[in-house]
Amino acid sequence: MPELPEVETTRRGLAPVVENRSIQRAVVRHRGMRLPVPQGLEQRLAGARIEALTRRGKYLLFNCVPAQGKPGALIVHLGMSGRLWLVDSATAPQKHDHFDLVIDSGRVIRLRDPRRFGLVLWQPGDALAHPLLAAMGPEPLTADFDGPMLYRETRPRSAAIKLVIMDSHVVAGVGNIYANESLFRAGIDPRTPARRVSQARCARLAQEIKTVLGEAIDAGGSSLRDYVGSDGMAGHFQNRFFVYGRAGEPCMRCGTAIRELRQGQRATCYCPRCQNR
DNA sequence: CCGACAACCTGTGAGC
DNA sequence: TGCTCACAGGTTGTCG
């Protein structure tokens, strides 16, 4: 469900609720996430103060100072089906509600993740030192990701450009929806070998990735199936997709039928007329 | 290094 | 209604 804009929307919704507050207790109901939720996490978090809620790619980082022990970060990833939202302390947990953070204000941050592809981890010290985060490429919305950087990264790569921009080692947080949408906006065929995308088109693509992610964040993310923000409100960027989920429908720019194919076991949607190699 | 594929797990919708 | 199958926002790991 969540790509970078949905994770950022969640972060913005939760930050004012958790920053500079303490965790009263943490509740783990199911440790079987993509990786096991660490034993002892509840004890570590009880009484910890949350200094900041930040994001790296699609990872949410609760930077904590525990009551005892050294500072560290609670790392949460929402996987495919996770969502993190605020509930009232009286709200009974449901089937797939695997984790709660009870804040001293009495508010509860609840993780629901039916598929359990998500993660709940603890990293001592700087969260960015965690192996899953350390090897990540730049944030797409900051200045260290730009056309020249993308051009450099794509030179040695023969893989399709769509697979390359979805590779978190190249740039963090570009998932299937926004990869499709940014390639449409940039007018690039998703199958183009990365090394054959020109300097000018790399610049355009980097810009379109920033633009589409920014617009999606401003729209509160995309609500597919049951995604809602931390406040329970649905995002509405899904109404502004040009190609994702529109196979067979007319291109909004030229009217040609949008096509769908598979790349890396993921659906790729594109306009055969507006997007070229 | 690359691509193809499987794996993790559950829910949903389409087709029969 | 109910069964089976394909597929879904992500990521890692293996194999040839």
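So that the names make sense, note that chain A is the first sequence line, chain B the second, and so on, each numbered from 1.
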Pair [X] + [Y], salt bridge at N-O below 4.0 Å:
X	Y	value
A/Lys210	A/Asp146	no
A/Arg204	A/Glu208	yes
A/Glu181	A/Arg240	no

Distance below 4.0 Å between [X] side-chain N/O and [N] OP1 or OP2:
X	N	answer
A/His96	B/dC9	no
A/Arg115	C/dG9	no
A/Tyr59	C/dT11	no
A/His77	C/dT11	yes

Distances under 3.5 Å between nitrogen or oxygen atoms of protein and nucleotides 13-16 of chain C:
none

Residue whose nearest DNA chain B nucleotide is more 5′ - A/Pro156 or A/His30: A/Pro156

Sidechain-backbone polar pair: A/Asp100 side chain, A/Val102 backbone, donor-acceptor under 3.5 Å: no

A/Glu3 (side chain) donor-acceptor with A/Gly175 (main chain) under 3.5 angstrom: yes

Integer-rounded Å distance: C/dG9 C1' and A/Arg83 CZ: 13 Å

Whole angstrom value for the distance that separates P of C/dG9 from CG of A/Asn180: 9 Å

P atoms of C/dG9 and B/dC2, separation to the nearest Å: 24 Å

Same-atom distance (C1') from C/dC7 to B/dC5, integer angstrom: 16 Å

When you get a sec, tell me which of [options] is the closest nucleotide to the side chain of [X]?
X	options	answer
A/Arg262	C/dA8, C/dT11, B/dG11	C/dA8
A/Lys95	C/dA8, B/dG11, C/dG9	B/dG11
A/Glu260	C/dA8, C/dT12, C/dG9	C/dA8

Quiz item: cation-pi between A/Arg253 and A/Phe242, 6.0 Å / 45°: yes

For DNA chain B, stems built from three or more consecutive Watson-Crick or G-U wobble pairs below 3.5 Å: B:2-8 with C:10-16, B:10-16 with C:2-8

Could you run down the sub-3.5 Å N/O contacts of the protein with nucleotides 3-5 of chain B?
unit_1: B/dG3; atom_1: OP1; unit_2: A/Ala159; atom_2: N; d: 3.2

Sugar-phosphate only, base, or nothing, as touched by A/Leu132 at under 4.0 Å among non-hydrogen atoms: sugar-phosphate

Near-parallel close stack of A/Phe117 and B/dC9 base (under 5.5 Å, under 30°): no

Any donor-acceptor N/O pair under 3.5 Å between B/dC9 base and A/Arg116 side chain: no

